[in-house]
Amino acid sequence: MRYSLASLLRQACSGHRGWEAAWRDASPKSAYEVLIVGGGGHGLAAAYYLAKVHGLTDVAVLEKDCIGLGNAGRNTTIIRSNYLLPANNPFYELSMKLWEGLEQELNYNAMVSQRGVLNLFHSDAQRDAFVRRGNAMRLHGVDAELLDARQVRRMLPILDFENARFPIQGGLLQRRGGTARHDAVVWGYARAASGLGVDIVQRCEVTGLLREGARITGVRTTRGDIRAAKVAVSVAGHSSRVAAMAGLRLPIESHVLQAFVSEAIKPVLPCVVTFGAGHFYVSQSDKGGLVFGGDLDGYNSYAQRGNLPTVEDVCSGGMALMPAIGRLRLLRSWGGIMDMSMDGSPIIDRAPLEGLYLNAGWCYGGFKATPAAGLCLAHLLAREESHELARAFRLDRFATGHLLDEKGQGPQPNLH
Amino acid sequence: MRIECPFCGERDHSEFAYFGDAACARPAPGAADAQARFVEAVYLRENPAGAHRELWYHEFGCRSWLQVTRDTRTHEILEVRLARESTAP
Amino acid sequence: MVDPTCGPLCAFAGLPAIAGSGDGVVAKERDGLGIARITARDRQLAALERLVQRRFHLLLPKGARRTGCGEVSLAGVGPESWLMTCENAGNAFAIGLRDSLGGPATVVDLSDAYVMLRLAGAKVRETLAKLVPVDLHERSFQVDDVAQTVAEHMAVTLWRLGDLAGGEAVFEISVGRSLARSLHGAIRESAAEFGFVFEPA
Amino acid sequence: MSSHRLSGEGAIQRDRTLSFTFDRRGYTGHPGDTLASALLASGVRLLGRSFKYHRPRGLLSAGSEEPNALVELRAGARREPNTRATMIELFDGLTARSQNRWPSLAFDAGAVNSLLSRLFVAGFYYKTFMWPAAWWERLYEPAIRRAAGLGRASREADPDTYEKAHAFCDLLVIGGGPAGLAAALTAGRAGARVILCDEDFLLGGRLNGDRHQIGGESGALWARRSEAELRSLPEVRLLTRTTVFGVYDGSTFAALERVSDHVSVPRPHQPRQRLWKIVARRAVLAAGALEHPIVFGGNDRPGVMLASAVRTYVNRFRVAPGRRIALFTACDDGWKTAFDLLEARIDVPVIIDARREIPPALRAQGSRHGVRIMTGAHVLGTRGGKGVEAIEVRGEDGRVSRVRADSLAVAGGWSPNTALSTHLGGRPRWSEAIGAHVPGDLPRGMTAVGAACGELALAGALRTGAAAGREAAGSAGLEAPLEQWRTEEEPVGFARRWSVSGHRGKAFVDYQHDVTVEDIEIAAREGFRCAEHLKRYTTLGMGTDQGRTSQLNGHALLATLTQREPADMGTICARPPYTPVAIAALAARARGPQFKPCRLTPSHRWAEERGAVLVDAGEWRRARWFPLTGEADWRSTVAREVAGVRAGVGICDVSTLGKIDVQGADAGAFLDRIYANMIATLPVGRTRYGIMLREDGIVLDDGTVARLGECHFLLSTSTIHAGRVMRHLTHARQVLWPQLDVQLVSVTEQWAQMAIAGPHSRELLMRVLGDAVDVSGPRFPYLACQEFLWLGRPARLFRISFSGELGYELAVPARYGESAVRALMAAGGTLGVVPYGTEALGVMRIEKGHAAGAEINGTTTAADLGLGRLVSARKDFIGRVLAARPGLAAADRPALIGLTPVERSARLSTGAHLLRPGAPATLSHDEGFISSTAFSPTLRHWVGLGFLSRGRERIGERMRAYDPLRGEDVQVEIAHPVFYDPAGERVRS
Ligand SMILES: Cc1cc2nc3c(=O)[nH]c(=O)nc-3n(C[C@H](O)[C@H](O)[C@H](O)COP(=O)(O)OP(=O)(O)OC[C@H]3O[C@@H](n4cnc5c(N)ncnc54)[C@H](O)[C@@H]3O)c2cc1C
Ligand SMILES: NC(=O)c1ccc[n+]([C@@H]2O[C@H](COP(=O)([O-])OP(=O)(O)OC[C@H]3O[C@@H](n4cnc5c(N)ncnc54)[C@H](O)[C@@H]3O)[C@@H](O)[C@H]2O)c1
Ligand SMILES: Cc1cc2nc3c(=O)[nH]c(=O)nc-3n(C[C@H](O)[C@H](O)[C@H](O)COP(=O)(O)O)c2cc1C
Ligand SMILES: [Zn+2]
């Protein structure tokens, strides 16, 4: 059923009895052309684009739990394309363009909100680095503006301009950046993919890979073996675990990132802000909660929860930036397990085994990539070659030294 | 998380800096395939869900490097030793 | 010409001497200490031990403990590494130590690297509990125990001296010299509800 | 205003009266009241409006699970939205306002939403507002945002202070009800270190709300006596008003103490709140159980209240929540409410028990009071305006009747308060025995006792509490006798009843978020059938109460709709914090100027005295420049400082550079592995510039290495990287090469170090140092270093230069840093000595083409920086192997170059990208960027450093420096990066 105000009105009159399942809760068949492991945003988007762009519908998405409860369901929903490196910037801009038409494409309101993303700087050196980045964006036709402290103040009077340890000097603003309703992105892609014939199989954990020589021929799951010509792994945070089933080691560590939401309040924050002198970034959800986060907890973990020092660190960053939120209360905190890659950039590539494809290493920035990652993974699966904007996301770049290190932190994932 | 530093005693992990997998020893620099081995040691990770041997630096304490064995699923700490005293893997 | 030795200059000069009312915590600057870090050279620990005992009549403490004899004290700050202090000795202390212990140990002068406060008063434990994540209960942190830890992002070294006659506990806390003002502020504000008195050197 | 205050003893002090206002109207209450009880006593029962439909709402509970009665407490900078009236301890002068309503609580325009409630069902916005796309940001979203949210945050900085405290104990008791008190008493009497926290300001838990007997005295009295005893035990710490809100790894608990929330303004030096970080050997979860309501039509109308809350208001606060209170129960415990009401002479028109069978004793006791009893009956709906006036009941026979009542007490049954048992990942387990979830796998060292573990009756609470206290004492090596307390039997029968079929009107599951039965039906229909999807689709349990009173009902409903058992539904995991915690409390002192400590240089006071403008460099605060009166702007100040150095002599405090003392027989060999260049060959008394790489082949840092003795080196690092380099070195020392004889000590804080630079620097040093050291040219050549005694104190001199002039760095023990600067300034007076700051330092290093932080940025190789010649081919060192990877060794990598504007008057801007003239401004034509720029007072035009692909081969080429961000586009010429004295004659002079 198409969603619209009219269909809503119709349903309202009939007691909402006519709504159908948003997506089919499929049982797995014994074989598919393409299997996508991982029912997060990326996996579902890839399935959608396989069906939509490449006409491939003999596709299943296997999700160990219910879809969208991984990182897609627990991230701070920031979307932006303000990257520096020439390998990253065009890719994220492609994603941004896809976000801009997503609702109409999916017939699902994912509440993509281009409210602006403002990165604050507090020193000349930081400003210079931002200017370099902003100019790289402009060279690719991406919007970027440099604000001075006065302009920042006009936009966000709630920030601390009087008493700060590291005074705000200005910011780099991407107005087209913003947020999207994370769960709706998952549901929207699932509904659209399912509508095109893709099987979405929930509670189906991949526990092994079926192999013939150096070729992957399917997967072993908690719901039986499933054969496939191609298996794509898109399991954010758990890539190493699935890769280990094929005997592979990846340039990835799994780390927790915590996120936080405050009690709901009336609007105080019109855009997304990142603090440049500490670990804190924040936006206000449409429901009214301040959604914020900060640094990684910093150690390998699969526990999907964090510890107190990070909570304190993030909140002190928040207080340093916006002392008016002091009496607001933190409502809930949670953690997500992310693939932290060794240079901070992702991998969309064939694995060294035939039939196996990787979409991994998204660190804490993969939500914004959801549409483009799905599109590029679908491209790789369907065309057997990298999408032109994802060519640098190779697995062998660590061996060849063609690293994509935006922050210059080197092979220490907890510093990216 | 609390790490029992062999020198300082049990301390909150916020006193320590984390350095990752302790199993990645520095390969012999002279070997013919040294570059491939360095790539493995510097970039490739087992990243296990379970016991993980890893390095922590007691930066706010005695400045010892520790080799800690910790379960990455539960954060439970199974063993701690001074890195300098642990038999190199 | 200005005398370049017109110091020693108090790192705490000009900072507020009281906060709140009362003397729940009394902080006294320790100045003029000679402080040296001695680290045993490779396989020289036994030799160092003997030498220290002969020269200073002190046993090198094992672990994070402290020991003292007369003007001199030794505190374990790392495996095979100690901070040695000497009252009113200044930089000359390390220079002398290098001559006496320089064979089996590396001696580095840190007399200026740290500033130190001696903390006493009825509320000293309550105050320190706001600052350091270490159990300071009298049974857990005993006389002559040493802890290197963190207080409000600052690396600090803390040890407990013998109790006063009335049973009151006494601690000394040190921090890098550049952080003197920040540490003073942290202690002052934490102690203010009990009354804080500061005695500069 | 009629008083609903009852006579008789409770836990309020009637001899004192407190005044407060709610929505500007004045009321009174007593110490011991909460805002909720005081308002109820004054007959106020409309306290708020719901989130979506703006339905009138009153109190549901008497505790922290309250979903409805959220108010704005205090005003101005202390305004605190969403505060639960049930948790606000009354104080004199309290002001509170209702929220999420306009223009007033009684007449709320937002209530029109109710009319559209058929449209505003679960998921409505996912299905609408998509056309036209541009309207989302402009129209739809702002409207949605304005409508959402509850209270209003203050726009001013929070004026109160907060602090943290650390605590350690043998036993942490979470909850001070009978179970918790029993645990604390048992362990405490044995001498264990016990901390007991309760979020209430009164210890006793249900003992205060109920009428129990323990050992022949009233439960409330027993609690008072237990408290007094605990207070007398030296190793026991009682923390009331303290919520344990998080369980973390390593038996670490976070608790929030509301130190001053019960006074209008904190006393001087008293924090508002204190964050406790508690490390406990053992923990006892004695957090009790929560009563859940039953879902029926109009169940949100003010006057519908949890039955246990009704008892609490009556017994503890001596307030009658109504004059005619009906009871709807599905468990034995609910009957207590009726009996307590009757005892207090409040009319109970009917007891409606959903069960067909009830214990005869209850029926008998009810009959004794002459109350009408309906069994097998259900409440279908309520009637009234902004409060209950009547209820509609369906009897066992199916007939619907109407009962006049102004309130309805609802007892749906009890759920153990498992939240804290799941913070570390444990999941609650369904218990058929009590029809609710009980704690499953508990965190190591934690035991659940009392109602929190499903031991609902008092006797069980005391017994399990005491046993856990004893076990905890035992684990601390202490012997504790098992205490026993005598109590009456308590019936705890129940029936599974979560919602009423055939209800009339909207039936609310999650009160705060207005999630109704209909929403759950829609979710089920659309396939949102797992608990997590239900939550995310309907927002059930996502409010400030985190679904404390709604989750079980919601899940049970969904289970029924999807033909499953509640046991199969699982639970939503509870996450920290247990109840919402002020963000300021988690930051405590680390905010404002104290956000991070501030490191001051040895010459700080002197620099301030001279009016230096300061700048933050990491944690350090340094002098940026030293303005003189009459100087037009900072550029002229810096120009003067640079000129002063280049023509005369200047002084700059460079103490912030990291300094690492390296000694030992293998020190030279060790440093050879650390640095890319050779170190072991450095003669004693000499200094060398060195670079170190990360193992991945990228430059980590640069600095100098001075050899002070055969086995003694002193390294300098950049200010920013000092910590990282020390970590890198200790890692190499302890992990990579533990067998080497090397000792590392950071001496950054030990030495004050002054750069003395300029043609007159030697003259100045001679004046100051006298014959302490011979600084004459031949004796102290470029790169010499020496330790010596200066006026009896150790000092060090290095002939090194960042500025490119004849220069030295003089190190003295840090405490003499200030006096050394003063001495240098005094002695240099006739030489025209200038103090200079970091800005002049930066200008001069750019003129000299020295790479700094902007160039050594974690992505550049030695070759990129033009330092390839330093890299030794004769040895192994960290980073050597991987630096040879094709990507890092490629010839077309951007290399360090200098830039000058073609138009000499033009300025260069850092961050501009380099394009070939005429090339389109696109990424694919981007060939490099400018990393540092400065106006060179020496050359009288701007100079810059940057990176350009194959840059070294392109000197003399013209490029475009393109900076659209600042609207600049300048022609530049590529130059050698060393603009000033390229032959380096001045440093050697
Ligand atoms: C706290 C936090 C904040 C973040 N903030 C942002 C942000 O603001 N902006 C941004 O762009 N990015 C952000 N991210 C990152 C972003 O969420 C992720 O990069 C992105 O969601 C990952 O892609 P995904 O949606 O496909 O992952 P997921 O949703 O995690 O999908 C992976 C799925 O694979 C499933 N799976 C795993 N193993 C198996 C198996 N063996 N068999 C079957 N299924 C399996 C998992 O259950 C999961 O559902 C954040 C992440 C976190 C944790
Ligand atoms: N008969 C029944 O069906 C029935 C059912 C439930 C409860 N009860 C009664 O409840 C009582 C059970 O005793 P109990 O001691 O287990 O529970 P309790 O409810 O009496 O005490 C729990 C205490 O824990 C505190 N608390 C909860 N969470 C906290 C947190 N995170 N931090 C700090 N404090 C917190 C509460 O403020 C409360 O004071 C008995 O009196 C029993 O009669 C009876
Ligand atoms: C953008 C965003 C907003 C959220 N807002 C709320 C909220 O208002 N209330 C709430 O209880 N949880 C909120 N959450 C947190 C979720 O309840 C949940 O904690 C999170 O998705 C992780 O799931 P888990 O805690 O079950 O592991 C939000 C999460 C996200 C990502
Ligand atoms: Zn230690």
Side-chain angles (χ1 to χ4, degrees), chain A residues 3 5 8 12 16 19 21-22 25 66 69 86 103 108-109 113-114 128 131-132 134-135 138-140 146 158 163 165-166 183-184 263-268 286-288 307-308 311-312 315-316 318-320 323-334 400-402 405 408-411, chain D residues 80-82 118-119 125-130 137 141 144-145 148-158 248-249 254 522 525-527 530 532-533 536 544 575-576 580-584 586-587 590-593 595-596 694 696 857-859 885-888 910-911 913 923 926 929 964-965:
Chain A
Y3 289 160
L5 184 60
L8 185 68
H16 295 284
W19 295 117
D25 188 16
C66 290
L69 302 183
E103 278 116 1
Y108 203 91
N109 189 351
S113 167
Q114 295 184 289
D128 295 345
V131 171
R132 181 186 167 202
N135 281 330
R138 294 282 282 266
L139 279 172
H140 189 58
L146 189 69
I158 196 165
N163 206 20
R165 169 79 177 81
F166 300 104
D183 294 322
E263 293 180 342
I265 43 160
K266 296 293 175 195
V268 289
D286 283 343
K287 196 155 92 46
N307 271 299
L308 190 56
V311 183
E312 298 174 68
C315 289
S316 89
M319 284 304 290
I325 64 172
R327 303 177 90 88
L328 259 189
R329 297 185 196 85
L330 174 68
L331 171 62
R332 189 174 169 96
S333 64
W334 62 94
T400 63
H402 293 93
D405 190 344
Q409 293 292 1
Chain D
E80 216 174 280
N82 304 341
R118 307 248 55 184
L119 279 184
Y125 30 58
Y126 304 132
K127 297 169 179 154
T128 51
F129 303 131
M130 285 177 269
E137 279 85 3
E141 189 178 40
I144 290 176
R145 298 189 75 182
L150 285 162
R152 303 163 307 148
S154 165
R155 299 292 179 125
E156 296 166 61
D158 185 351
Y248 296 96
D249 290 311
I522 293 174
R525 217 164 275 142
E526 295 192 295
C530 71
E532 293 288 353
H533 280 165
R536 287 162 160 76
T544 63
R575 295 277 195 179
V581 172
I583 292 170
L586 290 159
R591 56 183 274 207
F595 170 54
K596 288 280 152 71
R694 305 189 305 227
D696 69 347
N857 60 12
T859 62
R885 284 176 291 170
L888 295 190
T910 314
H913 286 242
L923 259 194
D926 186 9
F929 72 101
L965 216 55

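Both backbone and side-chain heavy atoms feed into the values below; hydrogens, waters and symmetry mates do not. The chains referred to below are lettered A, B, ... by the order of the sequence lines, with proteins before strands, and numbering in each begins at 1.
Heavy-atom pairs under 4.5 Å with chain D were tallied for A:Gly134, A:Gly318, A:Ser113, A:Ala22; the largest tally goes to A:Ser113. Among D:Leu119, D:Thr128, D:Val581, D:Asp926, the residue with the largest count of heavy-atom pairs under 4.5 Å with chain A is D:Val581. Annotation: maximal heavy-atom pairing with chain D below 4.5 Å, among A:His402, A:Lys287, A:His140, occurs at A:Lys287. Across A:Glu103, A:Gln114, A:Arg138, A:Glu263, the residue that shares the most heavy-atom pairs under 4.5 angstrom with chain D is A:Glu263. Heavy-atom pairs under 4.5 Å with chain D peak, among A:Gly326, A:Gly288, A:Cys66, at A:Gly326. Comparing A:Leu5, A:Val311, A:Asp183 by heavy-atom pairs within less than 4.5 Å of chain D, the highest count is held by A:Asp183. Contact count versus chain A (heavy atoms, under 4.5 Å) is highest, among D:Glu80, D:Met130, D:Arg118, D:Glu141, for D:Met130. Counting heavy-atom pairs closer than 4.5 Å to chain A, the top residue among D:Leu586, D:Ile583, D:Asp696 is D:Ile583. Ranked by heavy-atom pairs under 4.5 Å with chain A, the list D:His533, D:Arg155, D:Arg591 is led by D:His533. Residue with the most contacts toward chain A among D:Pro81, D:Cys530, D:Gly527: D:Pro81 (heavy-atom pairs, distance under 4.5 Å). Ranked by heavy-atom pairs shorter than 4.5 Å toward chain A, the options D:Gly151, D:Ala254, D:Ala590 are led by D:Gly151.
To the nearest 0.5 Å, atoms CG (A:Asp405) and OG1 (D:Thr859) are separated by 7.5 Å. To the nearest 0.5 Å, atoms SG (A:Cys315) and CD1 (A:Ile325) are separated by 7.5 Å.
Taking each heavy atom of D:Ala153 and A:Val268 in turn, the nearest pair found is CB-CG1, 4.2 Å.
At least one side-chain heavy atom of A:Phe166 sits less than 4.5 Å from a side-chain heavy atom of D:Lys596. Looking at A:Asn135 and A:Leu139, their side chains never come closer than 4.5 Å, going by heavy atoms from C-beta outward.
Under the rule for a side chain to side chain contact (heavy atoms under 4.5 Å, CB included), the partners of D:Pro576 that lie at least two apart in sequence or sit in another chain are A:Ser333, D:Tyr248, D:His423.
Within the cation-pi definition used here (under 6.0 Å to the ring centroid, within 45° of the axis), A:Arg132 qualifies as a partner of D:Phe929.
Heavy atoms of A:Asp25 lying under 4.5 Å from chain D are absent altogether. For chain A, the nearby part of D:Glu137 is the side chain; its heavy atoms alone come within less than 4.5 Å. Contact annotation for D:Leu888: both backbone and side-chain heavy atoms come within less than 4.5 Å of a heavy atom of chain A. Using a 4.5 Å cut-off between heavy atoms, D:Arg575 touches chain A through backbone and side chain atoms alike.
Using a 30° and 60° split on the angle between ring planes, A:Tyr3 and A:Trp19 fall in the perpendicular class, above 60°.
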Item to complete: Begin with the C-alpha distance, continue with both residues' side-chain angles, and end with the deciding distance and a verdict on salt bridge (Lys or Arg N to Asp or Glu O under 4.0 Å) for D:Arg536 and D:Glu532.
Response: CA-CA 6 Å; D:Arg536 287 162 160 76; D:Glu532 293 288 353; 2.5 Å; yes

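Put simply, the side chain of A:Arg329 never gets that close to the backbone of D:Thr544: no donor and acceptor are under 3.5 Å apart.
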